[in-house]
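Okay, so here's the structure we're looking at.
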Amino acid sequence: MDAVDFHFDPMCPFAYQTSLWIRDVRAQTGLTVNWRFFSLEEVNRVEGKKHPWERDWSYGWSLMRIGAALRRVDPTLLDEWYRAIGHELHDLGGKPHDPTVARSLLARIGADAAVLDAALADPSTHDEVRADHQRVLDAGGYGVPTLFLGEQCLFGPVLIDPPKGAAALTLWTVVTGMAALPHVYELQRPKTAADAELIGRSLRPYLDGRDWVSMNRGEVVDVEALTAAGSPPDPNRHGV
């Protein structure tokens with residue numbers, strides 16, 4: 001396997017952790033990673049609420065529209081854009097979904113800050129994000145991270161403290177092995193109390209930086225309460 005399509009929502013902490021792993025695999029193997037989009041805002045939208053493309057600014061959706069504009073110029077810019085967004089929110093607890101911060105992140109990756117306004121003024125960036133999102137839905141997917149290895153679609157792996165080096169390659173062998181067996185549908189590790197504590201610590205920057213309510217299949221989720229109770233959010237239900 002020499003290429004993978006990686007669908008992400010920049011607001012999802014689990015997708016970000018998995019992206020760190022796939023970057024490590026890429027560095028070791030030369031794997032081609034094609035970054036694609038998926039909207040947790042849309043898939044968890046409550047009936048009667050606006051679609052993200054109906055809002056002037058819509059957190060992850062707008063950041064992905066900017067990413068779509070960057071991808072047209074150079075896919076490497078999207079690669080760096082996602083890295084910058086993820087580091088700001090999921091490592092530092094910052095707010096890349098604030099347009100002012102987003103402009104500064106564009107400058108940080110060497111892109112013109114005017115890309116933000118151009119992307120939001122171009123309705124075709126809606127279409128591009130929507131097409132990537134629909135691809136996952138059409139394959140039976142429902143959340144992120146979602147990987148396409150050839151025609152095979154896999155949800156996950158869901159990671160905290162992503163493996164590096166030889167361990168990262170071991171996980172890549174597991175993932176590609178599962179993709180080669182199309183009728184293996186699920187393999188899940190139960191979460192212990194220690195796992196819940198680790199997940200809670202890992203989510204802290206995200207919880208500090210977010211400005212929205214987390215959703216699981218249309219239900220409001222109090223991530224902090226769940227984690228404190230020893231029952232971390234289930235990323236198999238769309239992520240947070």
Side-chain angles (χ1 to χ4, degrees), residues 6-24 35-45 52 57-67 78-106 108-109 129 133 142-147 155-164 191 193-240:
F6 188 116
H7 287 256
F8 70 94
D9 183 312
M11 301 291 95
C12 178
F14 298 105
Y16 175 65
Q17 294 295 329
T18 304
S19 77
L20 298 179
W21 161 72
I22 204 68
R23 290 176 187 276
D24 192 283
W35 301 107
R36 300 288 184 260
F37 307 118
F38 184 82
S39 175
L40 295 175
E41 293 168 272
E42 173 59 17
V43 81
N44 288 314
R45 184 182 64 88
W57 178 266
S58 189
Y59 292 151
W61 186 272
S62 293
L63 294 177
M64 289 187 285
R65 291 181 68 195
I66 296 165
L78 173 55
D79 184 283
E80 291 303 315
W81 178 234
Y82 183 27
R83 188 198 300 270
I85 294 168
H87 179 62
E88 182 69 21
L89 174 59
H90 304 298
D91 293 332
L92 303 180
K95 299 182 182 294
H97 45 284
D98 180 316
T100 300
V101 178
R103 290 182 197 279
S104 71
L105 293 178
L106 283 168
R108 192 177 303 171
I109 67 170
V129 176
H133 178 86
Y142 47 80
V144 288
T146 289
L147 309 181
F155 174 79
V158 177
L159 304 174
I160 295 294
D161 189 21
K164 302 177 179 65
K191 300 178 184 71
D195 293 326
E197 183 179 355
L198 174 62
I199 291 169
R201 289 198 306 270
S202 176
L203 288 177
R204 175 48 52 194
Y206 159 79
L207 293 170
D208 290 342
R210 69 177 183 162
D211 293 319
W212 58 90
V213 175
S214 293
M215 304 289 292
N216 275 357
R217 296 192 189 276
E219 300 173 354
V220 176
V221 176
D222 185 337
V223 178
E224 292 168 288
L226 284 173
T227 302
S231 178
D234 182 358
N236 287 293
R237 302 179 68 195
H238 300 319
V240 292

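Everything numeric here is computed off the predicted structure, so don't read it as measured data.
- To the nearest 0.5 Å, atoms CE (M64) and CG (L78) are separated by 11.0 Å.
- Pairing each heavy atom of P10 with each of H90, the nearest pair is O-NE2, 3.0 Å.
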Exercise for review: Show your reasoning for whether side-chain contact (heavy atoms from CB on, under 4.5 Å) applies to L40 and Y59.
Suggested key: CA-CA 10 Å; L40 295 175; Y59 292 151; over 6 Å; no
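- Here the closest non-hydrogen pair linking M11 and P96 is CE-CG, 4.4 Å.
- With sequence neighbours excluded, the residues forming a side chain to side chain contact (heavy atoms under 4.5 Å, CB included) with R103 are A113, L116, D117, listed by chain and number.
- Of all heavy-atom pairs spanning P13 and L203, the tightest one is CG-CD2, 3.4 Å.
- Evaluation of the side chain to side chain contact (heavy atoms under 4.5 Å, CB included) rule for P205 yields no partner, not counting sequence neighbours.
- Across L20 and P162, no two heavy atoms sit closer than the pair CB-CG, 3.9 Å.
- Residues satisfying the side chain to side chain donor-acceptor pair (under 3.5 Å) criterion with R65, sequence neighbours excluded, are T125, H126.
- By the side chain to side chain contact (heavy atoms under 4.5 Å, CB included) test, D91 is found to be paired with Y16, H87, residues two or more places apart in sequence or in another chain being considered.
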Check your understanding: Given V43 and H133, is the side-chain contact (heavy atoms from CB on, under 4.5 Å) satisfied, shown in steps?
Key -> CA-CA 9 Å; V43 81; H133 178 86; 4.2 Å; yes
Exercise for review: Apply the test side-chain contact (heavy atoms from CB on, under 4.5 Å) to residues E88 and I85: give CA-CA distance (whole Å), side-chain angles for both, the deciding distance (0.1 Å), then the verdict.
Suggested key: CA-CA 5 Å; E88 182 69 21; I85 294 168; 5.9 Å; no
Practice item. Go through the steps for E197 and R201 under the test salt bridge (Lys or Arg N to Asp or Glu O under 4.0 Å), then give the verdict. Key: CA-CA 6 Å; E197 183 179 355; R201 289 198 306 270; 3.3 Å; yes
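- Residue F38 holds its CZ atom at 10.0 Å from OH of Y142, rounded to the nearest 0.5 Å.
- Residues passing the side chain to side chain donor-acceptor pair (under 3.5 Å) test with S202: none are found, sequence neighbours excluded.
- Remark: S104 OG to I109 CD1 distance equals 10.5 Å, nearest 0.5 Å.
- Listed here is the closest heavy atom pair of L63 and A102: CD2-CB, 4.1 Å.
- Checked against side chain to side chain donor-acceptor pair (under 3.5 Å), H7 has the following partners two or more places apart in sequence or in another chain: R135.
- Under the salt bridge (Lys or Arg N to Asp or Glu O under 4.0 Å) criterion, D208 pairs with R204, sequence neighbours left out.
- Evaluation of the side chain to side chain donor-acceptor pair (under 3.5 Å) rule for Q17 yields no partner, not counting sequence neighbours.
- Within the 3.5 Å criterion, the main-chain N or O of H97 finds a donor-acceptor partner in the side chain of W57.
- For Y82, the ring pair (Phe, Tyr, Trp, His ring centres under 6.0 Å) criterion is met by F8, W35, not counting sequence neighbours.
- If you take NZ on K95 and CZ on R210, they are separated by 10.0 Å, rounding to the nearest 0.5 Å.
- Between the S58 side chain and the W61 main chain, no donor and acceptor come within less than 3.5 Å of each other.
- Residues L147 and P157 share a closest heavy-atom pair of CD1-CD, 4.1 Å.
- Shown here are the salt bridge (Lys or Arg N to Asp or Glu O under 4.0 Å) partners of D79, two or more places apart in sequence or in another chain: R23, R26, R83.
- In this structure, OG1 in T18 is found 9.0 Å from CZ in F14, a value given to the nearest 0.5 Å.
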